[in-house]
Amino acid sequence: DNVYMPGYIRFLADRDEAERLILSFYGSLAHCMTRGTFISGEGDTLGAHPDYNCRSSYGSYCSANNTSKLLALRQMLVRESFDSETGLPTGLYVAHATPRQWLEAGQVIRIKDAPTAFGPISCAITSHLADDYVAVRVVPPTRHAPHPLRIRVRLPHPHKLANIEGAAEGIVLLPDGETIELRQCLTELEFRVNVGR
């Protein structure tokens with residue numbers, strides 16, 4: 001139901017439900033745009049409807065519904081958290097819901113000057129699984145420092161992060177084994193994370 005999709009996507013991102021967010025993104029890409037027109041209605045069927053020989057839409061056509069895919073992609077790559085009382089931004093989460101296949105050996109996830117409530121952020125996560133490490137480069141926002149600033153490295157199974165090389169100060173691998181918290185990141189930073197199985 002496309003009219004509710006943006007709220008659902010934000011809800012999934014806030015609840016850190018990566019797999020469902022990824023499913024919504026790819027499901028939306030595959031099913032929500034009518035071939036040849038690239039528009040969708042308030043809702044779309046996934047398969048042939050009884051008494052119809054093809055997919056159908058209900059409600060009026062609204063090409064703005066197609067932006068739900070862009071919103072999902074953004075929430076997969078970059079999202080903010082906000083204080084529930086003041087409404088001010090608090091945390092910044094990078095690559096928190098990316099598909100694991102995006103970090104197969106040799107692949108790179110690149111985010112360049114993504115606008116956030118803290119200012120633009122850039123990040124590159126480069127997979128060197130053949131050599132048992134992942135390289136991370138981040139250029140944090142400069143307008144306002146987020147607390148926390150976290151980067152998630154979702155590797156294909158059975159790979160997992162083992163430790164941060166050199167145990168740089170202020171860079172912490174959280175207990176989930178995928179999330180790196182940058183506690184004192186005020187300038188451009190590059191580091192390696194060793195990978196185990």
Side-chain angles (χ1 to χ4, degrees), residues 9 12-30 69-81 89-142 145-197:
I9 287 168
L12 292 177
D14 288 345
R15 288 180 47 104
D16 201 13
E17 298 212 22
E19 296 304 325
R20 290 178 77 183
L21 184 55
I22 292 166
L23 178 64
S24 295
F25 173 69
Y26 281 111
S28 187
L29 279 177
K69 289 150 248 0
L70 299 176
L71 176 61
L73 181 60
R74 188 195 195 279
Q75 295 295 307
M76 290 160 65
L77 292 171
V78 178
R79 78 171 170 86
E80 300 100 331
S81 61
T90 54
L92 186 57
Y93 303 86
V94 178
H96 262 239
T98 55
R100 295 184 184 283
Q101 297 85 349
W102 288 10
L103 284 177
E104 293 280 357
Q107 299 297 315
V108 181
I109 295 174
R110 259 190 210 91
I111 300 164
K112 184 171 181 191
D113 295 329
T116 75
F118 304 95
I121 186 166
S122 295
C123 182
I125 304 168
T126 307
S127 173
H128 297 275
L129 291 183
D131 298 319
D132 296 323
Y133 78 95
V134 173
V136 179
R137 179 180 165 273
V138 62
V139 181
T142 55
H147 297 288
L149 170 54
R150 292 181 178 163
I151 299 170
R152 184 166 290 158
V153 180
R154 290 173 43 91
L155 297 173
H157 295 298
H159 302 284
K160 42 182 135 167
L161 302 182
N163 56 54
I164 298 165
E165 192 164 299
E169 186 179 345
I171 305 174
V172 178
L173 180 60
L174 297 182
D176 70 0
E178 294 186 327
T179 308
I180 300 162
E181 185 167 291
L182 306 177
R183 296 184 174 163
Q184 301 171 1
C185 187
L186 301 173
T187 59
E188 182 176 337
L189 186 62
E190 292 187 47
F191 58 94
R192 283 173 47 147
V193 186
N194 295 320
V195 172
R197 290 179 190 248

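The two residues A105 and A130 make their nearest non-hydrogen contact at CB-N, 4.4 Å. The nearest pair of heavy atoms linking A117 to E80 is N-OE2, 2.9 Å. Minimum heavy-atom separation, L129 to V195: CD2-CG1, 4.0 Å. Of all non-hydrogen atoms in A145 and F118, the two that sit nearest each other are C-CD2, 4.3 Å. Among all heavy-atom pairs drawn from A97 and L21, the shortest one is CB-CD2, 3.7 Å. Contact record, G119 with P141: O-CB, 3.7 Å, taken as the closest heavy-atom pair.
No donor-acceptor pair closer than 3.5 Å links the side chain of E165 to the backbone N or O of R192. Checking side-chain atoms of D131 against main-chain N and O of Y133 turns up no donor-acceptor pair under 3.5 Å. A donor-acceptor contact shorter than 3.5 Å is absent between the side chain of S122 and the backbone of K112. A distance-only check finds no donor-acceptor pair linking the side chain of T179 to the backbone of R152 [under 3.5 Å]. At least one donor-acceptor pair closer than 3.5 Å links the side chain of R79 to the backbone N or O of A13. In terms of modelled atom types and a separation under 3.5 Å, the side chain of S127 and the main chain of E104 share a donor-acceptor contact. A distance-only check finds no donor-acceptor pair linking the side chain of R20 to the backbone of S24 [under 3.5 Å]. Side chain of S81 to backbone of G91: a donor-acceptor contact under 3.5 angstrom is found.
Contact annotation: the side chain of Y93 never approaches that of P146 to less than 4.5 Å [non-hydrogen atoms, C-beta and beyond]. Contact check for V136 versus I151: side-chain heavy atoms found under the 4.5 Å cut-off. Using a 4.5 Å cut-off on side-chain heavy atoms (C-beta onward), N163 and V193 make no contact. In this structure, the side chains of L182 and R150 stay at 4.5 Å or more apart for every pair of heavy atoms.
Put simply, CG on L186 and OG1 on T142 are 10.5 Å apart, with the number rounded to the nearest 0.5 Å. Put simply, CD1 on I180 and CG on L161 are 5.5 Å apart, with the number rounded to the nearest 0.5 Å. One distance of note links CD1 of I9 with NZ of K69; it measures 8.0 Å at 0.5 Å rounding. For the atom pair CD1 of I164 and CZ of F191, the computed distance is 6.0 Å after rounding to the nearest 0.5 Å.
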Candidate pair V78 and L92, rule side chain to side chain contact (heavy atoms under 4.5 Å, CB included), full reasoning
CA-CA 7 Å; V78 178; L92 186 57; 3.8 Å; yes

Worked check of side chain to side chain contact (heavy atoms under 4.5 Å, CB included) between N194 and D132:
CA-CA 6 Å; N194 295 320; D132 296 323; over 6 Å; no

Candidate pair W102 and M76, rule side chain to side chain contact (heavy atoms under 4.5 Å, CB included), full reasoning:
CA-CA 12 Å; W102 288 10; M76 290 160 65; 3.9 Å; yes

Which is it for R137 and L189 under the side chain to side chain contact (heavy atoms under 4.5 Å, CB included) test, yes or no, and what are the steps along the way?
CA-CA 6 Å; R137 179 180 165 273; L189 186 62; over 6 Å; no

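Side-chain atoms of R154 and T98 include no donor-acceptor pair closer than 3.5 Å.
Taking the charged nitrogens against the carboxylate oxygens, R100 and E178 do have a contact shorter than 4.0 Å, which makes a salt bridge.
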